[in-house]
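Take a look at the structure set out below.
Quick caveat, the model's predicted, so the values are computed rather than measured. Hydrogens, waters and symmetry mates are skipped; everything else that's a heavy atom, side chains included, is used.
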Amino acid sequence: MPQHRDQVWSQALSRRAVLHAAGVAGITLAGSSVWAGQSVRLPIAGEPQERPLTRDFPQKGSMILQRTRPPLLETPMEVFDRGVFTPNDEFYVRWHWAVIPSSVDAAAFRLSVRGHVNQALSLSIDDLLKMPRVELAAVNQCSGNSRGFFLPRVPGAQWAHGAMGNARWTGVLLKDVLDRAGVKPGAVQVRFKGLDEPVVPDAPAFRKSLDVDHARDGEVMIAFAMNGEQMPLLNGFPLRLIVPGWYSTYWVKMLSDIEVLDRADDNYWMATAYTIPDTPYANITPGQTGIKTVPISRMVPRSFFTNVADDASLPADASAIIRGIAFGGDSGVAKVELSMDDGRTWQLTTLGEDHGNYSFRRWQVNIPTLPKGRHSLMARCTNAAGDVQPPASNWNNNGFMRNVVETVHITAI
């Protein structure tokens with residue numbers, strides 16, 4: 001990852017700009033109200049499909065309201081058709097606990113680094129801004145993105161496809177911070193915690209861990225900006241852990257504590273929550289028991305249509321441009337293919353600019369004239385490691401890791 005050029009930061013995120021922006025009065029996380037009665041109909045499997053749109057959350061535009069407290073805000077699908085990077089004010093939001101700081105004083109904020117290290121650290125934002133900067137384009141995707149399409153239905157937020165986003169993240173390497181503290185021999189994992197707190201005292205604090213070699217691989221980073229701007233409060237201001245290629249459960253928001261462990265982390269959020277069947281595609285049969293589970297980790301390839309929705313109409317006897325986005329999960333996009341005959345044959349699409357292994361990538365194809373009637377379009381991504389989206393949906397109790405080939409039905413009229 002190259003260091004970010006200093007001139008880019010002269011206006012966006014100089015040390016003074018960050019501290020000044022953070023020093024304003026606190027932002028209130030008020031309960032949301034429906035924005036002028038507007039709503040959107042999600043093409044998910046169950047009811048309610050109709051969901052309200054809201055503008056009532058700080059630093060956010062029009063978002064699909066999944067839950068008010070803790071905030072769960074979904075990005076409308078049309079946002080992904082506008083560009084490969086998701087705007088900060090339309091980037092999805094997912095928190096686990098409802099007790100979230102309504103403001104953060106960046107001047108007083110400290111990041112703690114402790115545990116199995118030679119020297120405990122208490123780093124200010126200013127300390128981090130003096131370190132070498134890096135930038136990386138990476139998709140942040142909720143483990144349960146597209147859960148609303150699972151049948152039989154499973155509990156949890158009934159997301160459509162909008163619990164994801166792509167951004168240019170800017171910050172410092174986690175490796176550099178750990179090296180500054182000095183990781184002792186025998187370290188096993190590195191655990192991370194943010195400023196959010198459980199609603200009741202006995203509930204487990206949200207903490208996630210990475211193996212020490214992963215934490216020091218030179219890609220995991222601590223970000224203080226996204227898309228060249230101050231990170232929104234609801235997306236993790238002032239600091240967020242970035243774990244490229246892994247699901248967002250590891251991307252701890254409002255990161256405040258880093259603890260190096262000399263043992264495997266067995267806290268609730270590692271050992272019990274966010275686990276998947278240890279099977280291909282994390283797939284089991286509904287009701288199946290006695291299956292070994294493991295913590296969810298790497299993302300898998302996906303592709304989506306962005307300029308045509310299910311049950312859309314197109315002019316008959318005319319060509320049309322179909323486009324979308326794809327990402328390779330934990331490696332780059334090798335190709336995206338389109339099928340117009342229910343998967344019997346596939347044609348290559350034209351890929352857009354490559355922004356790196358972990359970014360969205362645009363795809364586009366010009367389809368020939370369509371006879372009148374109903375047609376199905378299928379999009380399939382293959383990543384650089386050779387992993388291909390499967391033709392059938394997976395199922396598990398948590399509604400995790402959907403990456404089936406997506407299909408839209410259109411009518412030529």
Side-chain angles (χ1 to χ4, degrees), residues 1-6 8-9 13 15 18 109-140 167-194 207-226 228 231 235-265 267 269-270 295 297-299 329-332 355-359:
M1 289 187 296
Q3 289 190 12
H4 202 63
R5 295 176 182 175
D6 288 342
V8 176
W9 288 91
L13 269 168
R15 254 176 272 154
V18 170
F109 176 85
R110 294 294 184 272
L111 172 64
S112 171
V113 185
R114 60 191 179 87
H116 201 63
V117 296
N118 294 326
Q119 178 183 355
L121 303 176
S122 179
L123 301 173
S124 66
I125 299 292
D126 195 58
D127 292 330
L128 294 171
L129 289 168
K130 292 174 182 176
M131 296 177 66
R133 292 172 181 166
V134 293
E135 182 179 272
L136 177 72
V139 172
N140 175 285
R168 289 188 177 97
W169 308 96
T170 306
V172 301
L173 292 180
L174 176 61
K175 179 182 185 299
D176 290 347
V177 172
L178 293 174
D179 286 352
R180 189 164 173 174
V183 176
K184 291 181 178 180
V188 174
Q189 288 192 314
V190 184
R191 183 160 64 190
F192 309 91
K193 182 184 178 301
R207 297 179 296 180
K208 297 296 291 189
S209 293
L210 299 174
D211 289 346
V212 67
D213 288 343
H214 184 186
R216 302 184 70 250
D217 68 0
E219 288 193 322
V220 180
M221 60 186 290
I222 300 169
F224 43 71
M226 57 188 291
M231 191 178 303
N235 291 115
F237 177 86
L239 300 175
R240 181 167 196 171
L241 190 71
I242 307 300
V243 188
W246 282 41
Y247 286 98
S248 68
T249 180
Y250 294 92
W251 296 42
V252 175
K253 297 179 289 295
M254 292 187 180
L255 178 65
S256 60
D257 184 76
I258 299 173
E259 182 182 7
V260 179
L261 305 176
D262 61 359
R263 65 193 186 283
D265 188 3
N267 94 82
W269 296 99
M270 291 296 297
S297 58
R298 299 175 182 274
M299 293 196 297
D330 64 346
S331 62
H355 294 278
N357 286 340
Y358 306 111
S359 174

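- For the atom pair CD of E135 and CD1 of I242, the computed distance is 11.5 Å after rounding to the nearest 0.5 Å.
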Side-chain donor-acceptor contacts of residues 176-187 below 3.5 Å, not counting sequence neighbours, with atom names and distances?
unit_1, atom_1, unit_2, atom_2, d
D179, OD1, R216, NE, 3.3
D179, OD1, R216, NH2, 2.5
D179, OD2, K175, NZ, 2.8

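- Partners of W169 by ring pair (Phe, Tyr, Trp, His ring centres under 6.0 Å), not counting sequence neighbours, listed by chain and number: F91, W251.
- Remark: S248 OG to L241 CG distance equals 11.5 Å, nearest 0.5 Å.
- Scanning both residues, G115 and E259, for their nearest heavy atoms gives CA-CG, 4.3 Å.
- Atoms CG and CG, from L239 and L111 in turn, are 6.0 Å apart once rounded to the nearest 0.5 Å.
- When all heavy atoms of G218 and L173 are compared, the pair lying nearest together is O-CD2, 3.4 Å.
- Residues meeting the ring pair (Phe, Tyr, Trp, His ring centres under 6.0 Å) test with H355, sequence neighbours left out: F85.
- Of all non-hydrogen atoms in R298 and W246, the two that sit nearest each other are CG-NE1, 3.5 Å.
- Under the rule for a side chain to side chain donor-acceptor pair (under 3.5 Å), the partners of D127 that lie at least two apart in sequence or sit in another chain are S124.
- What you find for L261 and H116 is that their closest heavy atoms are C-CB, 4.4 Å.
- Remark: the D265 side chain and the Q189 side chain contain no N/O donor-acceptor pair separated by less than 3.5 Å.
- For D213, the CG atom counts as loosely surrounded, since its 6.0 Å shell holds 12 or fewer non-hydrogen atoms of other residues, nucleotides or ligands.
- The minimum heavy-atom distance linking Y250 with P295 is given by the pair OH-CB, 3.8 Å.
- Annotation for R110: atom CZ counts as buried by contact number, over 12 foreign heavy atoms lying within 6.0 Å.
- Contact record, A138 with P244: CB-CB, 4.4 Å, taken as the closest heavy-atom pair.
- Figure legend: cation-pi geometry between K208 and F192 absent, as NZ or CZ is not positioned both under 6.0 Å from the six-membered ring centre and within 45° of its axis.
- Counting only residues at least two apart or in different chains, salt bridge (Lys or Arg N to Asp or Glu O under 4.0 Å) contacts with residues 249-258 comprise R114-D257.
- Residues satisfying the ring pair (Phe, Tyr, Trp, His ring centres under 6.0 Å) test with F109, not counting sequence neighbours, are none.
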